[in-house]
Amino acid sequence: MDYKDLVGFYKKLGSTQSSLEKTSILSDLFSGKDDRELEILVKLCMGRIFSAWKDEDIGISSKLMVKALKKVSGSGEKAINQEWKSTGDLGKTAENLLGRKRQQTFAVRKLTVEKVHENLKAVADFEGSGSQSRKIDNISELLSMANPEEAKYIVRTVLRNMRLGVGEGIVRDAILEAFFPIILDIKDAMGEDIREKDVLIDKKVSNDFLEEEKEFEPEIFNFGSVKISEIEYDRFDVIILDKTDARKLYSYLKDAVQHGYDVTNDFGDVAVTAKNRGIKGLLGLEMKIFRPVNAMLAKKVDTIKEGFETVGKPAGVDYKYDGMRAQLHKKDDEVKVFTRRLDDVTEQFPDVEKAVKEFVKSDECIIDSELVAYDPDDGSTVPFQKLSKRIKRKYDIDEMVENIPVEIRPFDIIYLEKALIKRKYSERFEKLESIIEEENDVIRLVDRMVTDNEEDVNSMQQRSLSEGQEGIMMKNLDAEYKPGSRVGYMVKLKPVMETLDLVIIGAEWSEGRRSGWLGSLTMGCKDDDGNYLEVGKLATGLTDKQLEEITNRLEPLIVEEDGRQVKVSPEVVVEAEFEEIQKSPTYTSGFALRFPRLKRFRDDKEDADSIEKVARLYKSQN
Ligand code: ATP
């Protein structure tokens with residue numbers, strides 16, 4: 001295909017905002033191409049040169065591109081920068097500059113899609129000394145063969161800024177439209193404006209898995225069954241009688257294409273498979289070790305109750321660590337570590353590579369985990385900001401390993417000798433447990449429990465936060481693993497409320513292991529007359545260290561004792577986090593903090609926040 005024809009498609013894509021229209025344009029582009037061309041077109045329309053899972057980058061910045069444009073356009077850097085400033089787009093700048101030049105020279109040669117793609121791929125391979133000038137030479141050579149419009153899109157491709165609004169969903173739907181019939185129910189089919197293409201189910205599909213008048217139940221996607229019947233109607237092979245069934249079938253086909261992408265992370269492969277091997281081919285696509293897949297993401301919830309509503313009861317509840325997501329691939333004695341953006345960081349994390357080799361008892365697996373950094377001196381958690389220094393590090397890696405060691409906290413498994421993404425999370429976790437040999441400071445399964453009790457979740461949340469982690473994750477035990485999706489199969493709960501500074505006005509002598517320590521702190525805010533009004537009790541989630549400090553501070557302040565209860569002079573100010581504020585007759589302020597947690601002592605403050613602030617925060621929740 002000539003590159004200029006692809007540019008025609010780019011222009012059409014850029015001229016509409018409608019996803020449906022974009023899908024249709026792409027579907028036309030994909031139809032009738034041979035495998036090689038199809039693979040390249042799928043990548044190029046997404047503004048990519050390599051597949052999503054390949055950790056390769058062409059390595060040309062805007063600055064280098066200006067140099068290439070200088071070479072090919074004959075304009076000076078200053079003029080180019082000026083033009084760039086006014087267009088805000090180096091692609092458009094290239095078009096303008098070359099447009100002016102071409103009025104004098106007409107040396108444009110015919111560029112094919114394959115040629116452009118090959119050249120760009122080659123540019124990525126230049127490495128080491130002198131590679132920058134070779135990159136510039138190569139790009140300027142390619143631009144010199146292009147007409148101004150083509151140059152615009154070549155520049156945009158190189159800079160990964162296509163401005164076409166073509167995302168993964170659109171490409172998936174376009175593959176569906178290009179290689180599978182569009183599903184319509186009979187009412188639509190009887191309508192006037194049906195294109196020949198809008199048949200219901202054609203023979204190709206029906207031979208694959210549909211038999212007339214029979215129910216079919218696909219093995220992988222369990223959505224029930226669809227009843228098909230053949231009707232004499234000249235334009236269609238099969239007509240689906242019911243709109244719901246039509247929708248089910250459409251989802252089935254769409255899920256098959258999505259499945260192909262989920263496991264391969266490569267729409268090029270998906271398109272070629274859809275074209276040649278249909279649904280069966282797509283469903284047969286498999287995950288491959290060392291080809292990372294997109295990580296499943298979490299939805300955010302504000303309360304534990306909402307968490308349970310989203311993921312169901314009981315749920316798996318994990319610590320949410322303040323670390324770095326890592327997908328760990330292992331095959332025999334080889335291990336690779338990928339970031340959430342699918343970059344290969346094995347070189348930066350030789351400690352993780354070694355640990356996986358030693359403590360993961362499987363010859364073929366993909367594990368989802370969080371790498372949590374700790375202070376080598378006292379073992380305390382080090383925040384992600386510090387750990388992030390290790391991600392791009394190219395030198396002194398051993399020193400980094402020593403100064404910022406990490407512990408691997410595996411929380412899911414997506415492959416164990418075969419893909420597990422369609423398996424229930426509870427099953428996956430069992431498999432994960434069976435292959436991890438735990439070793440302190442090296443690799444330990446996540447802190448986790450299975451519960452349906454809000455109080456238990458709260459205690460875990462408190463512990464997680466007091467240990468310097470971010471909060472908790474709640475997970476649906478029956479859910480599959482959905483790569484790349486922010487579905488509600490797992491949710492994150494982090495404290496988001498504004499905090500309150502409160503004064504401790506009472507406490508209780510603890511019992512059992514903690515007897516001798518004051519705990520269960522009554523906290524107060526202040527009214528206009530200077531009185532302290534209770535807003536709740538801070539009872540759970542206090543560490544031994546905190547209890548000891550609290551006792552040391554409060555004991556000298558005790559003014560009244562009644563059994564285990566004590567009243568203290570209102571002098572210690574604490575900053576409290578909490579999940580929400582509720583109305584409550586139990587406390588003198590009329591409000592109660594739900595699940596309060598001690599964030600820190602506010603020695604810099606002498607007084608508590610006012611009842612007005614509590615009331616304001618209460619109102620702002622609704
Ligand atoms: P955030 O900034 O909150 O980490 P995010 O956009 O990076 O959000 P989300 O999917 O929204 O990612 O939140 C889940 C993230 O939390 C994961 O990407 C992972 O890095 C991290 N995480 C920490 N502990 C866990 C755990 N036990 N289970 C799953 N993810 C965890």
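Every number for a ligand or one of its atoms is a count from 1 in the order of the listing. Since this is a predicted model, take the numbers as computed values, not measurements.
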Peer 1: Please say whether more than 12 non-hydrogen atoms of neighbouring residues, nucleotides or ligands are located less than 6.0 Å from CD in Glu347.
Peer 2: no
Peer 1: Measure from NZ or CZ of Lys583 to the centre of the six-membered ring of Tyr618, then state whether that distance is under 6.0 Å and the direction lies within 45° of the axis.
Peer 2: yes
Peer 1: Could you check Tyr153 against Tyr10 for ring pair (Phe, Tyr, Trp, His ring centres under 6.0 Å), going step by step and ending with a plain yes or no?
Peer 2: CA-CA 8 Å; Tyr153 288 102; Tyr10 283 156; 4.9 Å; yes
Peer 1: Got a donor-acceptor contact below 3.5 angstrom from the Lys288 side chain to the Val263 backbone?
Peer 2: no
Peer 1: Please identify which atoms of ligand 1 are closer than 4.0 Å to at least one heavy atom of Tyr321.
Peer 2: 23 (C), 24 (N)
Peer 1: If we only consider heavy atoms of Lys475, is any one of them less than 4.0 Å away from an atom in ligand 1?
Peer 2: yes
Peer 1: Please indicate whether Glu286 has more than 12 foreign heavy atoms, meaning atoms of other residues, nucleotides or ligands, lying under 6.0 Å from its CD.
Peer 2: yes
Peer 1: Please state which option from Arg409, Glu370, Arg448 has its nearest heavy atom closest to atom 19 (C) of ligand 1.
Peer 2: Glu370
Peer 1: Which of the numbered atoms in ligand 1 are below 4.0 angstrom from a heavy atom of Arg340?
Peer 2: 5 (P), 6 (O), 7 (O), 12 (O)
Peer 1: Any luck finding a side-chain donor-acceptor pair between Glu480 and Tyr489 under 3.5 Å?
Peer 2: no
Peer 1: Check for a donor-acceptor pair, side chain of Asp378 on one end and backbone N or O of Ser380 on the other, with a separation under 3.5 Å.
Peer 2: yes
Peer 1: Considering only protein heavy atoms, which is closest to atom 14 (C) of ligand 1, and at what distance to one decimal place?
Peer 2: Met473 CE, 3.9 Å
Peer 1: Look at ligand 1 and say whether Arg486 reaches it with a heavy atom at a distance under 4.0 Å.
Peer 2: yes
Peer 1: For Val446, take its heavy atoms, then give the atoms of ligand 1 lying under 4.0 Å from any of them.
Peer 2: 27 (N)
Peer 1: Show which atoms of ligand 1 fall inside a sub-4.0 Å distance from at least one heavy-atom site of Tyr319.
Peer 2: 24 (N), 25 (C), 26 (C), 27 (N)
Peer 1: Does some side-chain heavy atom of Tyr481 sit less than 4.5 Å from a side-chain heavy atom of Tyr425?
Peer 2: no
Peer 1: Should you measure from each heavy atom of Asp318, which atoms of ligand 1 turn up under 4.0 Å away?
Peer 2: 26 (C), 27 (N), 28 (N)
Peer 1: Would you kindly specify which portion of Lys320 sits under 4.0 Å from ligand 1, judged on non-hydrogen atoms: side chain, backbone, both or neither?
Peer 2: both
Peer 1: Would you kindly specify which portion of Phe411 sits under 4.0 Å from ligand 1, judged on non-hydrogen atoms: side chain, backbone, both or neither?
Peer 2: side chain
Peer 1: With nothing but distance in play, are any N or O atoms of Met490 less than 3.5 Å from an N or O of ligand 1?
Peer 2: no
Peer 1: Between the candidates Ser369, Ala295, Ala298, which shows the shortest non-hydrogen contact distance to atom 10 (O) of ligand 1?
Peer 2: Ala298
